Trainee: 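Got a structure here, written out as structure tokens. Questions coming.
Please read these numbers as outputs of a predicted model, since none were measured by experiment. By convention in this document, chain letters (A, B, ...) are assigned in the order of the sequence lines, proteins followed by strands, and residues within each chain are numbered from 1.
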Amino acid sequence: MSQNDTNPFSTIAHLESINQCIQCGTCSGSCPLADLMDHAPRELFALIREGAYEEVLHSNTPWFCVSCYACMVRCPREIPVTDLMYALKEVITKQGTAPQNLKMPDMYQAFSRNIKDTGKVTESLVMARYGMKHPMDALKNIPLAIKMQMRGRLELKAQKVADPKSIARLFELTETSKDKP
Amino acid sequence: MTTQNKPRIGVYICHCGMNIAPKVDVEEVARSIQTLDHVTVARDYKFMCSNPGQDMIINDIKELGLNRVVVASCSPRMHEKTFRNAVKTAGLNPYYFQMANIREQVSWVTKDSQEATEKAKSLVAAAVGRVFFHQPLETREVSVTKSVLVIGGGIAGMQAALTSANAGYEVYLVEREPSIGGHMAKFDKTFPTLDCAACIMTPKMVDVLQHPGITLYTWSEVHKVEGFIGNFEVTIKKNPRYVDEKKCTGCGTCMQKCPTKKVVSEFNEGLSFRTAIYTPFPQAVPNVPVIDADHCRVLGQNKKCGVCVKFCETKAIDFEQKPEFVTLTVGAIITATGFQAVNPSGMEQYGYGRFPEVYTSLEFERLNNATGPTSGKVVMKNGKVPERVAIVHCVGSRDTRHKKYCSRVCCMYSMKFAHLLREKTGAEVWEFYIDIRSPGKLYEEFYNRVQEEGVRFIRGRVAEITDIVDDATDEGRLTVIAESTLTRRTVRVPVDMVVLSVGLEPARGSEDIGRLLGVSRDGDGWFNELHAKLAPVATPISGIFLAGCCQGPKDIPDTVAQSMGAAGEAIALLAKGIVTTQAEISRIDPDLCSGCKSCIESCSYSAIRFDEARKVAVVNEALCMGCGSCAAACPSSAAGVKHFTDQQVMGEIESILL
Amino acid sequence: MKICFYPGCSFATSAGYKESTEAVCRKLNIELNEIPDWNCCGATVMFGENKLRATALAARHFALVQTMGFEDLVTGCNACYATLRKAARLLTEDQELFQKTQEVLQNLGLKLDRIPKIRHLLEVLMEAMPDSTSDRYKTLSVGAYYGCQLTRPDQDLDKGDYPEILEHFLDRIGFSVKEHSARTQCCGASHAVIYKNECQGLSQRIIREIANKGAEVIATICPLCQFNLDQAQIQDNGPRLPVTYFTQLAGLALGLAPAELGLNKLLVSADKVLTRP
Ligand SMILES: Cc1cc2nc3c(=O)[nH]c(=O)nc-3n(C[C@H](O)[C@H](O)[C@H](O)COP(=O)(O)OP(=O)(O)OC[C@H]3O[C@@H](n4cnc5c(N)ncnc54)[C@H](O)[C@@H]3O)c2cc1C
Ligand code: SF4
Ligand code: SF4
Ligand code: SF4
Ligand code: SF4
């Protein structure tokens, strides 16, 4: 386990709340995709407390948070677990340390890129972009797409805001900022 | 200030070992104070509270003719008494003394040494400025009524009553339920030794009943408390039982015959029914039923019935009974109102109330009890014996959304349940815990024993209990979901029964008792002890003591020990027979009083009465606690508290500001 | 009644959410004022990428709502609801973030003075729908499915794990409600494309539970939930329960025709249960 002197997560809002974690496991026990995570959510808190920042930066855990908030309403220490998962993801994204073989970051990127380009999300376009990197996943979904198409539920044309440039501008304005997660 | 009494002040700066001296430059403080007006001598010394320290003060008073003393050291709560006594020994009135706290308020909390020294100088100067205006005050002695009131008849109240009565004092025990016994009466076995609760409890209950020194008021409440240490005037409200205690023989015929049979039994935690005329359990003390007026056909519904009247051979039933009020004078009061279990209904993830096989621990105690709804057979609602049971620790405890504290007894009773389940049913038992808390004599050993019995301990707080069926063979069972934090697996355990080890909270109505007695409660509602370590059974109100769980969650051994402690304190007070009243009390100047009565309303201790003849307010010196509410309320500046006169307080403030 | 409506990206292509919402609102005289030129709320993605950006994307609507003269913003999507609320909460709680967001908005020619109250379409219909007077659907048993983000994390509308408002609503408008334990279990929507098997399992567990407790139809309040529960069924041979929107059921209760409510768009058809006498 590598140790790092400076805590890359120190600017996260309410990070101090993890000092209160009693490692009870309520969060992980409530978590729908805990089985896919390399660390239980609580373990990330313990790792940060131990200074094992690298371990956290490379963990896949935050990427499997489906944002169901089940942990957050049950945590006996009222630690904002879900909010912290978002914030950890933001630090990991900015530091570029997401696990190489993990597909979720690519999906997130495709999604984000679609918003940047058009201001709105068109599922087929997100899939198309993501599919360029992971063609198998995209192919698996084609039969379903056809069924959707038949019911008039597949939009192939991009939904757009009136002035997509303004959204691109919003992205630029927030790109440069070194903001707190 | 008369000229004969020209102040000659001695000031003593304490090093308190390494507590004050290294941070505060005590010699510098003494040097600077020495220059103040009226200061005859200023010295510093290692330990002022030690005998040589006190002797230094006594000698200076005698040799230098000091008539005022200031000690700058720790909190007055620690040593004000010590130094007042020293001053008194030297022949001065002990109120010619003032203390400056340069430890808690200076050396322990101020980082910078120079700042600390400056702050200490200001505080000592303030004490000098104040003591200048001090006046001699006198205390009085009042005799003590040799009797004790005990509120609450659980194991704590019973023990406190027995110990006090065994010492020869008159005891009045007030219990609001129809029987004494409290929670312990609901248990079958008690950890860690697994003694039969009834076997150790019933004899005590009978002792209480038969003790010539104890008067028992069950189905009664404390209605009013007035007075003060040594002489509390207490009014007890006896609720109508509708059964004459003197005539009833406890034959129980009425209970068999009463046609109102479907009243939910409180004692059995809602798991069975009782009749409208009932005793909560067979060994109830006194063994005299009460009629539940809400459910009785005659009393509650205006219907014809009177079956109990017809069958009662001694004519004990009396529908005409009214509440009765009894007034007593007691020297001391022991509060033993216990706890209640936290209701887990609000914690939806556990499904309590939704799933019939999710029980609270108290329900389980009844299920397991020979006198309970199933005669002690641990069975499910369908009558079958459970094959797998989950016990869930920390329900409502250690949870900032509910009770932030650890309830202290639930780990142990959970393991008691595990043992009983293994023994009685052979069921597989899964205990879900965060930490096992077993700090007590033979407690860890009990944990080990239960481990040996094959109980599966899973370290993880339960996330959810659900009736969602994941495997068709588990149809009808509940699934307990938790992370096993030691293996980092999410376990999903299908079980037949779940026991929620709910936490403890103060008994319903504690707030009212607190208000009646003037005893404050902490943020969680438990009664405040005077000092967490050194005065754990006393309260801030002199003469009122605490026993058992009303002060905080505890097991039976600790409860009994504390009850004996509370009784011991009460006995010490009664045995001495006198109490010394406080000197720092209110004084109302009859010449200034306009008779507006504002002070009377403001006084929480009912210590002020109105003299109709002179049309002025008068302080009862025995009742006044010197809180100063009257002084603040009085628009005519007639009320003031001795030792806190305007002059004294202003003298103190001015010296700080200088 | 006039409401300011934020449809979100999945509304238009959903299985009749749009049709039924519009039809029901027309019938109840609710004027739906769509935020002109709305953008994506950022969903679960944006807050994991860049907090300021996520907040600004959401706050752009807040500024627009303000120019429209509304105090509340209504959405029918749980993901939008939770995301917008998160942004609203952060903007109230964190002055610095508010300032920065304001700067971004000003750069886009917008200004934020007031943060609207974020409400779910369900709340609006709970107020507006009349009690049922007919027995037409009394024998149609419905299981209510909330998904995860309506009552969590705020728990202000109802309890977080075991809410009951949707059940009350359905009962009131004339359906037979079946209680069940999967009402707020997560369906895994955000991860369904990549982690197909795992998320499929989550959805199927929900459907099995609702079917087990005797419901014939599922009522949802979110396009993502609807899609996920609907598609999960055509990929295995478990029970088949039509997954409707609460607005479609409200429409039926108001006597509107299934076709008008887009009920023909479901993957698992509701024709059979609806035409049953
Ligand atoms: C499920 C469970 C199992 C337990 N098992 C064990 C065990 O095996 N071993 C062990 O050592 N400890 C055990 N305990 C702890 C034990 O119950 C307590 O230590 C003990 O009961 C405390 O006694 P008490 O008299 O302070 O309080 P209580 O038992 O609560 O008694 C208080 C009494 O005061 C009365 N009262 C309350 N308010 C008023 C009022 N205003 N006026 C008049 N009367 C009032 C009540 O009616 C009651 O009779 C267990 C606790 C629980 C919850
Ligand atoms: S539920 Fe809260 S206290 Fe428990 S392990 Fe998770 S974060 Fe820590
Ligand atoms: S909010 Fe995220 S971390 Fe928490 S239980 Fe849901 S998926 Fe797991
Ligand atoms: S009078 Fe009341 S208590 Fe007596 S038997 Fe009838 S219902 Fe029971
Ligand atoms: S005693 Fe044990 S079960 Fe009870 S609150 Fe403390 S840790 Fe939890």
Side-chain angles (χ1 to χ4, degrees), chain A residues 1 14-50 52 55-56 58-85 99, chain B residues 342 344 346-352 390 392-407 410-411 430-437 457-466 468 470 478-493 495 498 500-503:
Chain A
M1 191 196 303
H14 305 301
L15 187 75
E16 73 293 343
S17 66
I18 68 168
N19 294 335
Q20 299 278 328
C21 172
I22 53 172
Q23 297 289 312
C24 69
T26 310
C27 49
S28 350
S30 305
C31 187
L33 294 183
D35 291 347
L36 297 178
M37 296 172 171
D38 54 12
H39 290 293
R42 68 178 166 83
E43 285 181 318
L44 297 188
F45 304 155
L47 286 165
I48 295 174
R49 295 198 299 213
E50 287 163 21
E55 191 93 13
V56 178
H58 292 96
S59 166
N60 70 19
T61 300
W63 300 98
F64 284 114
C65 171
V66 294
S67 196
C68 69
Y69 291 99
C71 49
M72 200 154 130
V73 300
R74 290 178 185 162
C75 170
R77 290 304 166 105
E78 293 176 82
I79 295 165
V81 184
T82 317
D83 291 344
L84 291 170
M85 289 299 139
Chain B
V342 169
M347 306 161 210
E348 320 129 55
Q349 69 267 35
Y350 300 136
Y352 177 73
V392 182
H393 285 222
C394 298
V395 174
S397 305
R398 304 183 67 189
D399 183 342
T400 48
R401 291 170 213 274
H402 301 280
K403 307 291 168 191
K404 63 179 186 297
Y405 51 83
C406 164
S407 290
C410 14
C411 272
W430 292 63
E431 288 231 23
F432 293 89
Y433 67 97
I434 310 175
D435 302 289
I436 292 288
R437 301 205 161 159
F457 284 90
I458 303 295
R459 191 199 172 280
R461 183 171 173 273
V462 168
E464 191 181 343
I465 295 165
T466 182
I468 297 180
D470 286 316
L478 296 168
T479 302
V480 178
I481 305 170
E483 187 201 9
S484 168
T485 58
L486 301 179
T487 59
R488 231 238 90 187
R489 288 171 64 243
T490 302
V491 292
R492 297 181 172 79
V493 191
V495 297
V498 178
L500 302 180
S501 296
V502 291

Trainee: About how many Å separate CD of A:Q23 and CD1 of B:I434, when rounded to the nearest 0.5 Å?
Mentor: 11.0 Å

Trainee: B:T485 and A:C24: which non-hydrogen atoms are nearest, and at how many Å?
Mentor: CG2-O, 3.7 Å

Trainee: If you take all heavy atoms of B:Q349 and A:R74, which pair is closest and at what distance?
Mentor: CB-NE, 3.8 Å

Trainee: What residue in B:R492, B:R398, B:R459 has the most heavy-atom pairs under 4.5 Å with chain A?
Mentor: B:R459

Trainee: At under 4.5 Å between heavy atoms, what parts of residues 58-67 of chain A are in contact with chain B? List them by residue number.
Mentor: none

Trainee: Atom SG of A:C75 and atom CZ of B:R461: how far apart are they, to the nearest 0.5 Å?
Mentor: 7.5 Å

Trainee: For the side chain of A:T26 and the backbone of B:A463, is there at least one donor-acceptor N/O pair under 3.5 Å apart?
Mentor: no

Trainee: More than 12 heavy atoms of other residues, nucleotides or ligands under 6.0 Å from CZ of B:R489: is that the case?
Mentor: no

Trainee: What closest approach, in Å, do B:E483 and A:G25 show between heavy atoms, and which atom pair accounts for it?
Mentor: OE1-CA, 3.4 Å

Trainee: First locate atom NZ of B:K404, then atom CZ of A:R77, and finally report the distance between them rounded to the nearest 0.5 Å.
Mentor: 11.0 Å

Trainee: Give the interface residues of residues 36-43 of chain A toward chain B, defined by a heavy-atom separation under 4.5 Å.
Mentor: A:M37, A:D38, A:H39, A:A40, A:R42, A:E43

